[in-house]
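These numbers come from a predicted model, not from an experiment. We name chains A, B, ... by the order of the sequence lines, and we start the count at 1 in each one.
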Amino acid sequence: MKHRYLPMTESDKKQMLDTIGVESIDELFSDIPEKVRFDRQYDLKPMLSETDLLKELSGLAGQNADTNSHASFLGAGVYDHYKPVIVDHVISRSEFYTAYTPYQPEFSQGELQAIFEFQSMICELTGMDIANSSMYDGGTSLAEAGMLAAGHTRRKKLLISEAVHPEYRDVVKTYALGQSIDVLEIPLKDGQTDYDALRSMIDGDTAGVMVQYPNFFGQVENIREAADIAHENKSLFIVSSNPLALAVLTPPGKLGADITVGDAQPFGIPEAFGGPHCGYFAVTKKLMRKVPGRLVGETNDEEGRRGYVLTLQAREQHIRRDKATSNICSNQALNALAASVAMSALGKQGVREMAMQNISKTQYAIRAFKEAGYEVLFGGPSFNEFVVKCKEPVADLNGRLLDAGIIGGYHLGLTYPELEGHMLIAVTEQRTKEEIDALVQEMEAIHA
Amino acid sequence: MHKENQPLIFEISKEGRIGYSLPELDVPETDLAGLLPEGLLREEPAELPEASELDIMRHYTALSKRNHGVDSGFYPLGSCTMKYNPKVNEAVARLSGFANVHPLQEESSVQGAMELMYDLQEHLVEITGMDEVTLQSAAGAHGEWTALMMIRAFHEANGDHNRTKVIIPDSAHGTNPASATVAGLETITVKSDENGLVDIEDLKRVAGEDTAALMLTNPNTLGLFEENILEMAEIVHGVGGKLYYDGANLNAIMSKVRPGDMGFDAVHLNLHKTFTGPHGGGGPGSGPVGVKKELIPFLPKPVLVKKDDVFTFDYDRPQSIGRIKPFYGNFGINVRAYAYIRSMGADGLKLVSEYAVLNANYMMRRLAPHFDLPYDRHCKHEFVLSGRRQKQLGVRTLDIAKRLLDFGFHPPTIYFPLNVEEGMMIEPTETESKETLDAFIDAMIQIARETEENPEIVQEAPHTTVVSRLDETQAARKPVLRYERPESAEPVAVN
């Protein structure tokens with residue numbers, strides 16, 4: 001059998017076997033106990049040529065409704081945003097995507113510098129002192145923040161707002177289980193974290209207080225108050241944040257956050273059915289040596305030229321082994337690069353303009369729903385999401401919308417029983433006025 | 001060859017330039033001050049770069065030229081399986097129906113994506129010999145932790161609350177003990193014997209009623225097959241523990257032996273290694289976990305199931321360890337791995353392991369006269385040399401690694417595993433031609449000769465890279481981890 005990925009020829013094989021001094025390749029596997037040797041062929045689907053593979057996978061892909069075929073109003077932590085075309089051109093350069101972790105800095109300056117720039121951009125947006133080179137995603141990044149808080153404060157309890165993404169909360173709970181940390185949920189009050197409840201729940205065993213900004217319902221909470229409550233109790237204040245919103249919102253770093261985490265997916269990263277996205281992790285200076293994952297630092301070479309290296313590695317699993325507080329090794333480097341390119345292309349002006357468009361279009365949509373007689377929940381300011389009470393079961397509605405070329409919002413009843421029949425609608429800069437009007441019309445169609 | 005400073009994107013920035021194109025706002029603009037409560041309106045803009053599209057493209061192109069990937073040249077980084085990343089994988093992962101699909105859409109609108117996931121799971125079940133696979137873990141270390149959490153939950157469900165110890169060989173990757181700790185378990189190290197394999201007597205000594213699991217890579221990090229695996233499985237199962245397979249080295253054994261048949265109860269795979277998800281400069285990866293029947297109830301939520309030809313996510317899993325990641329794993333990487341498996345087929349995957357092992361043994365035999373070979377027996381897909389002979393001449397393995405850069409080769413993994421002095425772990429993979437292997441071997445032999453005749457050239461390497469050796473001590477002592485704009489900064493040319 002010949003294959004385009006396998007350059008071995010019969011003459012190569014013979015020469016190599018001769019050099020090794022064996023008769024056959026099988027001899028090289030003679031140390032596998034006979035009893036367990038695999039003596040048949042894998043039962044897999046047949047091999048496909050490149051042409052047939054493209055055909056078959058295009059067929060599978062074609063069965064899915066996507067944001068090219070549909071106007072999407074689905075957010076809930078993953079968003080359809082403008083992706084500058086150059087992003088894909090940069091990350092398609094194989095010097096980046098076929099490299100691994102920059103263990104040899106002289107051979108990896110490009111990647112190292114790109115990560116240093118990513119760290120710098122995340123610091124700018126979040127108002128934090130230090131950002132790492134990326135985490136798997138926003139959810140695991142938040143979980144790691146909780147673990148950091150527990151380790152740092154030597155306390156065993158986390159308080160997390162119910163206005164944090166439900167799936168993120170679930171991930172935090174799983175990580176906490178491993179570390180025997182209790183996770184208690186701070187209830188809601190009108191779609192925002194109930195700070196009075198927080199005040200009564202917090203105690204000397206509380207390692208960290210976790211909120212989301214803007215929160216899961218799109219509401220911009222005044223998190224300064226929560227920060228003060230946390231700090232009065234010497235707990236760490238942890239904020240999970242959509243970085244795009246921070247282009248126009250006061251950054252968590254200025255509101256008392258000790259750790260800010262989130263997902264950089266809004267910056268040039270495809271939705272990709274949930275991943276890979278790009279977690280970010282940013283802290284104040286005093287937590288620098290507690291950060292999980294890789295950090296890139298600036299230094300000089302022997303001739304004084306500026307260069308970049310992986311640094312403060314004493315924190316990491318390959319040095320600390322069982323003393324490590326995080327086991328992360330591979331991260332999301334290529335997506336951090338994608339986010340950097342998108343943040344560079346959007347730049348200082350573009351991130352503001354894009355964030356403003358999200359807000360303006362969301363306000364337009366809220367008005368449109370109200371005018372059509374819908375109840376729009378929660379009184380606080382919205383970034384790019386809001387909650388509407390639907391007039392029919394949400395699953396039915398979403399099915400109907402799909403037929404009309406629209407991907408509807410998230411059914412909140414799935415994770416908030418009290419919000420059964422309510423939909424979380426996201427309106428990004430990608431949605432036009434016509435599409436927003438069409439959404440309202442289609443939702444009304446059956447009731448007209 | 002060394003070049004001057006490469007400007008940062010921030011240093012080419014000039015006020016007023018843009019690199020984006022958004023449509024005109026088609027609704028009335030909201031007055032932010034009226035919308036947001038006091039103190040939440042950002043006062044100082046984030047200082048992101050301001051540059052034109054061409055300058056941004058030139059900047060990143062310049063950075064890419066300062067980086068070495070598999071497409072740039074040979075990359076025998078041991079334990080990392082730096083094989084060719086097929087371009088068709090990149091094409092299929094970018095199909096709109098995969099790339100532009102939201103994870104929370106109605107299941108009826110994403111059946112194609114779910115079918116691919118299901119089919120990939122089935123293929124991985126067959127390849128590993130396990131009973132079920134989840135695609136949720138994002139990388140190898142995440143998979144290790146996921147599986148250990150499941151093993152812990154399994155023991156606890158049996159009322160076995162004292163099984164808190166994970167046995168790990170001294171040659172193991174650092175993530176193994178770290179994952180155990182994060183899963184709330186303790187680590188016990190088991191020694192290697194004079195053949196580089198797990199010391200069976202020591203394993204008997206450390207295994208007991210407190211054993212939760214043994215974590216093992218097979219072939220191990222020395223590239224040697226743990227030929228006593230069945231006895232090891234018996235010992236660990238005999239005391240009630242579980243066997244965990246670290247799939248980092250699966251590239252060596254496809255179609256030859258399956259973890260499930262060797263007695264392993266749980267396994268993680270690195271789809272970015274054996275199954276060609278690109279390494280991306282450090283990720284994203286994908287680390288699916290396979291388990292035997294007994295562990296299935298503990299799989300993370302949700303579990304993808306097929307009912308009457310319809311795919312659905314099952315959340316009703318009362319014994320599940322819970323959610324380990326938002327959504328369903330690194331789907332985009334899983335698409336690439338699926339494309340690879342379908343491109344190779346069963347026959348192809350068998351050749352992959354055969355040629356990976358043939359290449360490694362060939363290199364090992366040709367290099368053995370010039371470097372110390374601590375464990376002289378057939379290796380699998382990688383092997384470990386020791387630079388202790390060169391060290392006696394004043395040339396350290398680090399120097400050899402740096403000198404290889406001058407030949408255009410990425411060095412092997414160095415100083416790992418920890419139980420080999422001045423170790424160099426070399427993994428050629430099956431996608432490299434004999435001519436490439438020979439060129440690398442020639443370079444290594446030349447470096448060995450230089451070490452004897454002209455050690456300075458090795459000690460002072462690299463000579464041809466864009467920077468010379470970097471001061472890592474300074475980086476750690478006075479950490480500079482972000483750019484901060486100086487008081488007065490004039491923009492510079494892009495490169």
Euclidean distance, B:E354 CD relative to A:M8 CE, rounded to 0.5 Å: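 These two atoms lie 9.5 Å from each other.
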
A:F107 CZ to B:K402 NZ distance, which is reported to the nearest 0.5 Å: 10.5 Å

Between [X] and [Y] (side chain of the first, backbone of the second, donor and acceptor by atom type, cut-off under 3.5 Å), is there such a pair?
X	Y	answer
A:Q63	B:A113	no
A:T299	B:L470	no
A:Q119	B:L481	yes
A:S120	B:R482	no

Side-chain contact, heavy-atom cut-off 4.5 Å: [X] with [Y]?
X	Y	result
B:P103	A:E167	no
A:E429	B:L22	yes
A:T250	B:E43	no
A:L402	B:S108	yes
A:Q332	B:N330	yes
A:P276	B:I333	yes
A:L177	B:M149	yes
B:Y20	A:Q349	yes

Is [X] close to chain A through its backbone or its side chain, or both, or neither, when contacts mean heavy atoms under 4.5 Å?
X	result
B:A339	both
B:L358	both
B:R17	backbone
B:R152	side chain
B:K325	both
B:Y355	both
B:E432	backbone
B:L77	side chain
B:M344	both
B:I56	side chain
B:H59	side chain
B:S13	neither
B:D119	side chain
B:R365	side chain

Just by distance, no angles: are the side chains of [X] and [Y] close enough, under 3.5 Å, to form a donor-acceptor pair?
X	Y	result
B:T187	A:D322	no
B:Y75	A:T98	no
A:H3	B:E430	no
A:Y97	B:E90	no

Criterion side chain to side chain contact (heavy atoms under 4.5 Å, CB included) on A:E124 and B:Y483, from CA distance to verdict: CA-CA 9 Å; A:E124 278 298 331; B:Y483 171 77; over 6 Å; no

Top contributor to chain A contacts, counting heavy-atom pairs under 4.5 Å, from B:G322, B:A476, B:S255: B:S255

A:Y100 and B:H279 aromatic ring geometry - parallel, tilted or perpendicular at 30°/60° bounds: perpendicular

Geometric class of the B:H142/A:Y175 ring pair [parallel <30°, tilted 30-60°, perpendicular >60°]: parallel

Nearest heavy atoms of A:V171 and B:P326, plus distance in Å: CG2-N, 3.8 Å

Structural part of A:I130 lying under 4.5 Å from a heavy atom of chain B: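 Side chain only.
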
A:H89 atom NE2, neighbour heavy-atom count above 12 within 6.0 Å: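 No, not enclosed.
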
